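Working notes for the structure below.
The structure displayed is predicted, hence computed values, not measured ones.
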Amino acid sequence: MKITCTHFRLVLIILFCTVFMPHQGYSGNIIDTADYDYWRNLATTSKMFAAMKTSAITIASEGDGETRDVLGANALAYILDPENKSQYINAIKDKFETRIRTIEIGNGAATSSVRSHELFYALLALDVIRYDLDADVLSKYEGWLESKIMALVIGKWDPHGWAMRMLYYKYIGDETKFQEAKKEFDIGLSEHYMPNDGVSPAGNGYCVQRWNSIERTVKNSTPDIMEYMGYHDYYTNPGIVGLKEFMYGYATAPFGRILLYGDSRNTEVQKPWDIEDGNIILSPHIVSAARFSPEAYKYAMWTLREGAGVSKGILKGHLSNYLIMAGTAANNNPIEFNTDDAELAPSRLFENYGALKSRAQSVNGLYLSMLNLKGNIEYHTHYETNAIALAGYGEILMRNAGYDGPNNDATIDGVTATFDFIHSNSEAGNNLMIGGKRHSSKVGDGITEGIVGEGIEYFRGSSSEAIEGTHFRDVVFMQPSNDVNGYYVVMDHVKTDKAEDNVNVVWHPNSAILNTVKNATEYFSEIKIEKGHVGPRLYSENKATLTTFLGTKPASVEVKKTVNQDRSGYAFASDYMYVNYNTLNQQADILTVLFPGDKTHKAGSLTRIVAGDYSGSEITQKEIVDVALTSNGNSVEKYGSETFQGENILYRKASGKLISYFLKGKSFKSGQGNSIGFKSDNSVALSMNCDVDGKGMSGKIISPGTKVTFYAPSISSVKIDGINVPIDVLKTNSVSFSIPEGTFKLELF
């Protein structure tokens, strides 16, 4: 009996400690009290975490304010400053009584998706103080939260509604419903990125704003909360990792502003950061990108420093911010940020998006991208298969339609862009159409191949579902080099299903006026605010320009008008170019040069070329002469001392000497006698750089698996990806060998 009584007393003591002393090792359902000492220690050893503690206490002392600030700051202060926890508890209780009790949830974005972030901060705060509340008070608060959370919209904007249900079920300890909600949350989340590469089908502006705005905390921070709780499905998810890299490295221009695809409202409001008072970072995601990948982190630091203009930012003292940066005591992997780690993302080929960027680590770098979604579309996706956007010299140079909100028309200076035109007509973007018909699908075949990391870069986008025919849009980028400026060449290869259909190419410079230099040939756009206009939004004093040169002669060019809408007050009526091309045997091969410029970088001298079945342009800058040509690739032709067979050709000479060449095709030869070039049994894509003395070459090749012969003075050996390969035929000034299927680095010497 004595032993039994002792045992009973021990049980009571243990029960008492468990119920009334939660900070002595009690593990909460969401926020684990076992992490408290670790978090407090960080606030004494790290300047960043100490600043967050100071921020939380300061906000808490200011009294009532934004729901997120009151609940987020007081919940964190409660943990980091336990001596004064009673005042933090009272502040949280007051906000529950005055806001959470009265908040109304509707079925619109503003009344459901936006308001859900208040419930997010409330639930975390309640999880922290739940054991300090009387049972009846706790029950009342839980009831308010439950009713509001269950009223959140599901069926559209899925992630916010399911996220809050999921977190609430975790809070109350209902594992079955938690897992059911988690399944739905993960499905909703996956609609916002392409599973293989992370590109957002909703559009660049929608993507960066939703995933970085504090008003969308439920959507963008719940994956971090889940990781914190041990559900490791997010930090290593290829789609979400790719999304982070895409947002900070490729959805934005080198100066940090979005390129407009899909429902992108404007470049001013939709930004990949949420900052107040110049340097106070509200949403943590731009500084927590290291949780996903080193690349995402470096690109985020570039965007923070060069886009937001923040070098020494302070992360606001909210519990969720602290949790994301600190992680758990068990993992002991806190992260900090330093803008000295900034790096501008290089050219990259996603499966659904091509990105060609100049190498300079500069906000004035050149950047052309192209969207081609293979699937996973949604409401915010536009009809923009193979659409192009362009930035350079600190400005947006070429834009797609954007968005002004659901069902909103835009009218400026008597010009109207209807919602249908903006949202659903492919003519509103930098697209190619057939027979004047808008795209019938938002889906393409993706970016099918490409070469980056060379002096001449390239990718191909393929479309067969959006149009009545097939379309290969090839982009070739001549990197700034040889002391001359960079530019882009777009080669469109089209086959129509109907003999009567023509081909229509649409270009939307980010300017009000399209100046005709030579009719049906050359057009010039100044990215500036015209008299009587308020847009476009300018980000530099570089006086950026864009020259659009039609290397292939069109049947006609129409200059039309639309409205480039912008909610932040930069809306303007804008000219755009609608170029019509005839077909031959239901085919068209079209070359367009897009040449960015500014007050210190002038466009080259451009002339049209017709050489047999080929058309294109000669581009001259100082002693540098480039030749860009396109055709169906069926014939061998000659221009000057060069012969070639291919769909796309671009080569550079300096004072008559070959420097580099690119070809999508079967052969290219430059010069007489000891010529430089190559031929292959099957079509390849090839970008090659010649040494100064002309005796060595290096580059990259995309091969279907074929035999090739390279020509250059005195060459005798070949390396593929750094490995010597056997030579099938060795002759004076030429080598023949077999190359397997794939993309390879080539060295010839």
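- A cation-pi contact links R348 to F350, judged by a cut-off of 6.0 Å to the six-membered ring centre and 45° from its axis.
- A 4.5 Å side-chain heavy-atom check between R68 and H117 finds at least one atom pair inside the cut-off.
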Could you go through Y234 and F292, starting from their C-alpha distance and side-chain angles, then the distance that decides it, and tell me whether this counts as ring pair (Phe, Tyr, Trp, His ring centres under 6.0 Å)?
CA-CA 8 Å; Y234 305 95; F292 297 86; 9.2 Å; no
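- Side-chain contact of Q270 with S264: a donor-acceptor pair under 3.5 Å is absent, judged by distance alone.
- Side-chain N/O atoms of Y539 and T267 include a donor and acceptor closer than 3.5 Å.
- Looking at N352, its side chain does come within 3.5 Å of a backbone N or O of K374 through a donor-acceptor pair.
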Could you walk me through whether F185 and F178 satisfy the ring pair (Phe, Tyr, Trp, His ring centres under 6.0 Å) test, starting with their C-alpha distance in whole Å, then the side-chain angles of each, then the deciding distance to 0.1 Å, before giving a yes or no?
CA-CA 10 Å; F185 171 72; F178 167 79; 9.9 Å; no
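- Y299 meets the side-chain hydrogen bond (donor to acceptor under 3.5 Å, both in side chains) test with no other residue; sequence neighbours excluded.
- Between R305 and V310, every side-chain heavy-atom pair lies at or beyond the 4.5 Å cut-off.
- Distance check, rounded to the nearest 0.5 Å: NE2 of H285 to NZ of K244 gives 5.5 Å.
- A salt bridge does not link E336 with K47: none of the charged nitrogens is closer than 4.0 Å to a carboxylate oxygen.
- Within the 3.5 Å criterion, the main-chain N or O of D35 finds no donor-acceptor partner in the side chain of D32.
- Judged by distance alone, the side chain of T111 and the main-chain N or O of G108 form a donor-acceptor pair under 3.5 Å.
- Because its NZ or CZ atom is not both nearer than 6.0 Å to the ring centre of F255 and within 45° of the ring axis, R257 does not count as a cation-pi partner of that residue.
- The pair R130-D127 meets the salt-bridge criterion, with a side-chain N (NZ, NE, NH1 or NH2) lying under 4.0 Å from an Asp/Glu carboxylate O.
- With T45 contributing its side chain and N41 its backbone, the two residues share a donor-acceptor pair below 3.5 Å.
- A donor-acceptor pair under 3.5 Å is formed between the side chain of W39 and the backbone N or O of G327.
- Looking at N376 and Y193, their side chains never bring a donor and an acceptor atom within 3.5 Å of each other.
- Side chains of S221 and D224: no donor on one and acceptor on the other come within 3.5 Å.
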Before you tell me yes or no, could you show the steps for F246 and Y353 under ring pair (Phe, Tyr, Trp, His ring centres under 6.0 Å), namely the whole-Å CA-CA distance, both residues' side-chain angles and the distance that decides it to 0.1 Å?
CA-CA 10 Å; F246 170 72; Y353 191 90; 5.0 Å; yes
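- Side-chain contact check for E180 and Y169: no donor-acceptor pair (N or O, by modelled atom type) lies under 3.5 Å.
- Using modelled atom types, one finds a donor on one side chain and an acceptor on the other under 3.5 Å when comparing H382 with D263.
- Between K442 and E384, none of the side-chain N atoms (NZ, or NE/NH1/NH2) sits under 4.0 Å from a carboxylate O, so this pair counts as no salt bridge.
- Closest non-hydrogen pair, A163 versus V218, comes out as CB-CG1, 3.4 Å.
- Taking the centre and axis of the six-membered ring of Y322, the NZ or CZ atom of K53 falls outside the cone set by 45° and 6.0 Å.
- By the 4.5 Å heavy-atom criterion applied to side chains, T222 and M166 are counted as neighbours.
- The two atoms that bring G72 and Y121 nearest to each other are CA-CD2, 3.9 Å, heavy atoms only.
- Between D69 and K316, at least one side-chain nitrogen of the basic residue sits less than 4.0 Å from a carboxylate oxygen of the acidic one, meeting the salt-bridge criterion.
- Under the 3.5 Å distance criterion, with hydrogens and angles disregarded, a donor-acceptor pair is assigned to the side chains of E142 and Y171.
- The existence of a salt bridge linking K148 and E104 is excluded, since no basic side-chain nitrogen approaches an acidic carboxylate oxygen closer than 4.0 Å.
- No cation-pi contact links R40 to Y36, judged by a cut-off of 6.0 Å to the six-membered ring centre and 45° from its axis.
- Electrostatic pairing of K140 and D136 does not count as a salt bridge here, judged by no charged N lying under 4.0 Å from a carboxylate O.
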